[in-house]
Amino acid sequence: HVAGIICARTLDDTIGIAPEAQWIAAAVIDRGTTKDVTISNILGAFQWALDPDGDPNTFDDVPDVINNSWGFPKNVYPDCEEIFWQAIDNVEAAGIAVVFAAGNEGPDPYTLRLPADRSSSPYNSFSVGAVAISDSGFEIAPFSSRGPSRCDSSKAKPEVAAPGVEIYSTYPNGQYRIMSGTSMAAPIVSAAILILRQLDPEITVEQIKEVLTKTASDQGPAGKDNDYGAGVINIAASVRTALPQWGPS
């Protein structure tokens, strides 16, 4: 379902936001293993993503974005646990944007999952809340995890929000289903990153995150807040801002 939101297509429909994208996946969660094995698998997957085909002389196998529709609830680790931080920094230093679902433990504050709650820089970890689309606009989903960060209570989280309620996408065994969660919102942001990279392969991870944040449609209280972050992403506005030649000003 998550991968379909990014890039699924049929002969007569584009299910995904970036239907020309290619994808690879690492099976790291929900495998019936212990927490320690899951952690090891996640860290191994980040390392694998730097060279998926095992040939250091090739680069077209390296992903532009890693979508993480997973996270550990706050009762699993102490606040601001750094176990994933170095791995995230390493892959982003290699030019791979990393996106995290905020979590589905809302509406209380301080409920972002780990490592989505990290706030060591303005964009890291880049976490995504979920909104519902209604006739009146965007409404934050009740389940969407809220900031502020447990690392620094003065830092608002998530970074941005995206539609995550009643999202239609692919499902195993040739099916299609409607599902809800920040796991559905995060891949919309990941797909937006792919679109920006398609139009400008040289755009950096920092530039991508800055553009998506600054062009988001502000919701709730003015400015960044602990429900919507900077607002709901606006892919068209981000393209116009980053690449003015691709659209009207």
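- Summarising the geometry, atom CG belonging to Asp218 is positioned 7.0 Å from atom CG belonging to Asp225; distances are rounded to the nearest 0.5 Å.
- Side-chain atoms of Tyr77 do not come within 3.5 Å of backbone N or O of Leu114 as any donor-acceptor pair.
- To the nearest 0.5 angstrom, Ile17 atom CD1 is 5.5 Å from Ile235 atom CD1.
- Closest of all the heavy-atom pairs between Pro163 and Ile133 is CG-CD1, 3.9 Å.
- Checked by atom type, the side-chain pair Ser134/Ser136 shows a donor-acceptor distance below 3.5 Å.
- The shortest side-chain heavy-atom distance between Arg118 and Glu82 does not fall under the 4.5 Å cut-off.
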field: Check against salt bridge (charged side-chain N to carboxylate O under 4.0 Å, His left out), Lys74 and Glu81
entry: CA-CA 10 Å; Lys74 65 179 183 178; Glu81 169 61 51; over 6 Å; no
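- Taking every heavy atom of both residues into account, Leu196 and Ala242 meet most closely at CD2-CB, 4.3 Å.
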message: Quick one, Phe126 with Phe100, criterion ring pair (Phe, Tyr, Trp, His ring centres under 6.0 Å). Give me CA distance, side-chain angles, the key distance, then yes/no.
response: CA-CA 6 Å; Phe126 201 74; Phe100 280 93; over 10 Å; no
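- Contact check for Pro148 versus Asn226: side-chain heavy atoms found under the 4.5 Å cut-off.
- You'll find the side chain of Val205 reaches within 4.5 Å of the side chain of Arg197, heavy atoms only.
- No more than 12 heavy atoms of other residues, nucleotides or ligands shown are found within 6.0 angstrom of CH2 on Trp23.
- Asn90 places none of its side-chain heavy atoms less than 4.5 Å from the side chain of Phe46.
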- prompt: Can you list the steps and then say if Thr10 with Tyr176 is a side chain to side chain contact (heavy atoms under 4.5 Å, CB included)?
  reply: CA-CA 12 Å; Thr10 67; Tyr176 299 86; 3.2 Å; yes
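- The OG atom of Ser169 sits 9.5 Å away from the CD1 atom of Ile188 when rounded to the nearest 0.5 Å.
- Residues Ile6 and Val160 are members of one and the same hydrophobic cluster, defined by side-chain heavy-atom contacts under 4.5 angstrom among Ile, Leu, Val, Met, Phe, Trp and Tyr.
- No side-chain heavy atom of Ser149 sits under 4.5 Å from any side-chain heavy atom of Leu112.
- Each of Val2 and Ile178 belongs to its own hydrophobic cluster when Ile, Leu, Val, Met, Phe, Trp and Tyr are linked at side-chain heavy-atom distances under 4.5 angstrom.
- Annotation: Gln207, atom CD; neighbour count of heavy atoms from other residues, nucleotides and ligands within 6.0 Å is above 12.
- With a 4.5 Å cut-off on side-chain heavy atoms, Glu92 and Asn124 count as touching.
- Counting only N and O atoms by type, the side chains of Thr182 and Asn104 include a donor and acceptor under 3.5 Å apart.
- In the hydrophobic clustering of ILVMFWY residues, with side-chain heavy atoms under 4.5 Å counting as a link, Tyr123 and Ile203 come out together.
- Rounded to the nearest 0.5 Å, atoms CD (Glu105) and CG (Asn75) are 8.5 Å apart.
- When every heavy atom of Ala130 is checked against every heavy atom of Gly164, the shortest pair comes out as CB-CA, 3.9 Å.
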query: Could you walk me through whether Ser125 and Ile88 pass the side chain to side chain contact (heavy atoms under 4.5 Å, CB included) check?
result: CA-CA 8 Å; Ser125 297; Ile88 295 168; 3.8 Å; yes
Only pairs under 3.5 Å count here: list side-chain donor-acceptor contacts from residues 65-72, not counting sequence neighbours, and write none if there are none.
| unit_1 | atom_1 | unit_2 | atom_2 | d |
| --- | --- | --- | --- | --- |
| Asn67 | OD1 | Ser190 | OG | 2.8 |
| Asn67 | ND2 | Ser69 | OG | 3.0 |
| Asn68 | OD1 | Trp70 | NE1 | 2.9 |
| Asn68 | ND2 | Ile66 | O | 3.3 |
| Asn68 | ND2 | Val99 | O | 3.1 |
| Ser69 | OG | Ser183 | O | 3.0 |

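- Side-chain contact, Ser119 with Asp152: no donor N or O sits under 3.5 Å from an acceptor N or O.
- Annotation: the span from Asp79 atom CG to Asp117 atom CG amounts to 7.5 Å, rounded to 0.5 Å.
- Applying the side-chain hydrogen bond (donor to acceptor under 3.5 Å, both in side chains) test to every pair with at least one member in residues 26-39, sequence neighbours left out, gives these pairs: Thr33-Thr38.
- For Ser145 against Pro158, the heavy-atom pair with the smallest separation is O-CD, 4.5 Å.
- Within the 4.5 Å cutoff, no side-chain heavy atoms of Val131 are placed close to those of Val165.
- Contact check for Asp13 versus Ile15: side-chain heavy atoms found under the 4.5 Å cut-off.
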query: Can you check side-chain hydrogen bond (donor to acceptor under 3.5 Å, both in side chains) on Thr58 and Asp53, steps first, answer last?
result: CA-CA 8 Å; Thr58 60; Asp53 69 357; 2.6 Å; yes
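- How far CD1 of Ile193 is from CD1 of Ile96: 12.0 Å, rounded to the nearest 0.5 Å.
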message: Using side chain to side chain contact (heavy atoms under 4.5 Å, CB included), reason through Met184 and His1 one step at a time and then give a plain yes or no.
response: CA-CA 8 Å; Met184 283 70 245; His1 199 273; 3.6 Å; yes
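- The minimum heavy-atom distance between Ala49 and Val62, with the atom names listed, is O-CG1, 3.8 Å.
- In this structure, Arg150 fails the cation-pi test against Tyr110, since its NZ or CZ atom is not both closer than 6.0 Å to the six-membered ring centre and inside 45 degrees of the ring normal.
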- prompt: For Leu43 and Trp48, what are the C-alpha separation, side-chain angles and deciding distance, and is it a side chain to side chain contact (heavy atoms under 4.5 Å, CB included)?
  reply: CA-CA 9 Å; Leu43 294 174; Trp48 168 73; over 6 Å; no
